Amino acid sequence: MADNKGVMIFGEIAEGNLSSITTELLGCGRKLADELGQELNAVMIGSGVSGLAQETIAYGAEKVYVVEDQMLADYQADSYVAVAEKVAKEVNPAIILLGQTSMGSDIAPRLAFRLETAATLDCVGLEIDPDSKRLLQTKPVYGGNAQAVYVMETDPQIATVRAKSMSPLEKDGSRKGEVINIEAGLDPSVIKAKVLEKVKEEMEGVKLEDAAVIVTGGRGIGGDEGFKELEELAKLLKGATGATRPACDNGWMPDKAQVGLTGKIVTPDLYIAVGVSGASQHMAGCSGAKTIVAINKDSEANIFKMAHYGIVGDWKKIFPAFKDKIKELVS
Ligand SMILES: Cc1cc2nc3c(=O)[nH]c(=O)nc-3n(C[C@H](O)[C@H](O)[C@H](O)COP(=O)(O)OP(=O)(O)OC[C@H]3O[C@@H](n4cnc5c(N)ncnc54)[C@H](O)[C@@H]3O)c2cc1C
């Protein structure tokens, strides 16, 4: 344990750029590394990723380990975990951070197993304990109804971080750092699965996970017509429209709009919940919103326990005036 030093983040690329979770990991990793008085390293795995190394430095990394290989062009657990294990064993960090993304949550537990340590998934808070210097890892538990703080006894301490729960640093092109190329050294026989086809999801407007404002409807909306009104408000606020599971199950909204335990986890600045009861499985997906506004006709609805602002009444009567006022404020 004593030989492990520094913080390492695993970067991800979205459309040729550092993904937003990567800059958030760098911001959080920088803070943890400074508290420990140690280095922040980043690992970029893929094909054609070396061009992003300087940008990684500009967002806070001191060293960037670049692993370029044609065999790493597509994310594939077998190859990426093998490379992650190789780099982690060479660098020996005390802390490894990944995004709570499909890639990060796939790699983290496998890597933990190979490094004979543990991983905490979906952290929303990370701090260094001032006495023990161990990583305090906060994550929601019991469907988002409580938060637990985990401390690991083994190194490296591996955690995945929920999107939007950490802030990136300002990009600073004058930051200096070192870029180190590492051979992937992959044995093609370890790769057991192949990517046969990629299908790009058709997207209109802002992606739910990236939206600063989300207007979500529940069963109380009563049908797809009602959702058109919510969509109008979401567009006005340059946001996205979300839905509860019953609203998706009823076919009023597509499944990809579902927020919650079995849907998307979102952390917008503003979450407007209309006709949503606030069941724990739904709140697990939106409790990280900075401000929650609820409209519900039942004053006893659970959503009012979580909302910062609440309006009790029939949404059909309230919503037109609510929308008009917002229109007036944003125009
Ligand atoms: C394992 C598991 C996973 C789940 N995952 C998810 C998940 O990911 N996401 C999710 O959303 N749910 C999930 N659920 C379902 C969850 O438990 C709730 O059933 C669901 O969130 C309730 O959705 P709702 O609030 O739309 O409906 P309801 O609970 O039926 O609430 C409707 C609300 O609308 C209000 N209302 C009705 N009419 C009006 C009106 N005219 N004006 C204003 N208010 C009105 C009512 O007062 C009520 O509070 C999961 C459940 C399980 C067991």
Side-chain angles (χ1 to χ4, degrees), residues 100-102 105 121-124 139-148 160 162-165 201 206-211 213-234 237 239-268 270-326:
Q100 175 63 23
T101 56
S102 45
S105 51
L121 270 66
D122 198 21
C123 293
V124 293
K139 63 169 280 177
V141 290
Y142 301 120
N145 285 323
Q147 293 202 331
T160 66
R162 189 183 282 194
K164 304 275 170 18
S165 58
E201 190 183 352
V206 190
K207 220 170 140 192
L208 199 59
E209 301 91 310
D210 296 335
V213 179
I214 295 176
V215 185
T216 283
R219 201 193 319 253
I221 295 299
D224 49 3
E225 276 306 308
F227 271 92
K228 291 196 179 116
E229 289 195 47
L230 303 196
E231 267 162 15
E232 231 179 86
L233 179 64
L237 293 167
T241 316
T244 62
R245 188 155 103 175
C248 296
D249 288 351
N250 283 331
W252 304 340
M253 285 292 280
D255 289 343
K256 66 179 180 191
Q258 184 180 316
V259 173
L261 199 60
T262 44
K264 304 254 165 74
I265 292 175
V266 295
T267 47
L270 175 62
Y271 192 79
I272 303 174
V274 189
V276 172
S277 61
S280 62
Q281 295 89 354
H282 181 74
M283 299 316 292
C286 63
S287 56
K290 291 205 179 81
T291 304
I292 300 177
V293 176
I295 304 176
N296 195 303
K297 67 177 185 185
D298 176 9
S299 62
E300 299 293 315
N302 191 54
I303 189 84
F304 289 126
K305 293 192 188 130
M306 327 289 275
H308 303 87
Y309 301 96
I311 308 164
V312 179
D314 184 345
W315 80 275
K316 287 183 195 135
K317 293 190 184 137
I318 292 163
F319 206 67
F322 184 75
K323 204 163 59 184
D324 286 349
K325 187 69 193 167
I326 291 178

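For ligands, and for the atoms within them, numbers begin at 1 and follow the listed sequence. This one's a predicted model, so the numbers in the text were calculated from it and none came from an experiment.
At a 4.0 Å heavy-atom cut-off, the residues surrounding ligand 1 are G218, R219, G220, T244, R245, P246, Q258, V259, G260, L261, T262, G263, G275, V276, S277, A279, Q281, H282, N296, K297, D298, G313, D314, W315, listed by chain and number.
Salt-bridge annotation for R162 and D122: present, with a side-chain N of the basic residue lying under 4.0 Å from a carboxylate O of the acidic one. Checked for salt-bridge contact, E225 and K228 meet the test: a charged N lies under 4.0 Å from a carboxylate O.
Among residue pairs with one or both ends in residues 270-283, none qualify as salt bridge (Lys or Arg N to Asp or Glu O under 4.0 Å); sequence neighbours excluded. Judged as a ring-ring contact (aromatic ring centres under 6.0 Å, His included), the pairs with a partner in residues 292-319 (not counting sequence neighbours) are, in order, W315-F319.
Between the side chain of D314 and the main chain of K316, a donor-acceptor pair closer than 3.5 Å is present.
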Expected list for residues 256-265: side-chain donor-acceptor pairs under 3.5 angstrom, two or more places apart:
{"unit_1": "K256", "atom_1": "NZ", "unit_2": "E202", "atom_2": "O", "d": "3.4"}
{"unit_1": "Q258", "atom_1": "NE2", "unit_2": "T262", "atom_2": "OG1", "d": "3.2"}
{"unit_1": "K264", "atom_1": "NZ", "unit_2": "K256", "atom_2": "O", "d": "2.8"}

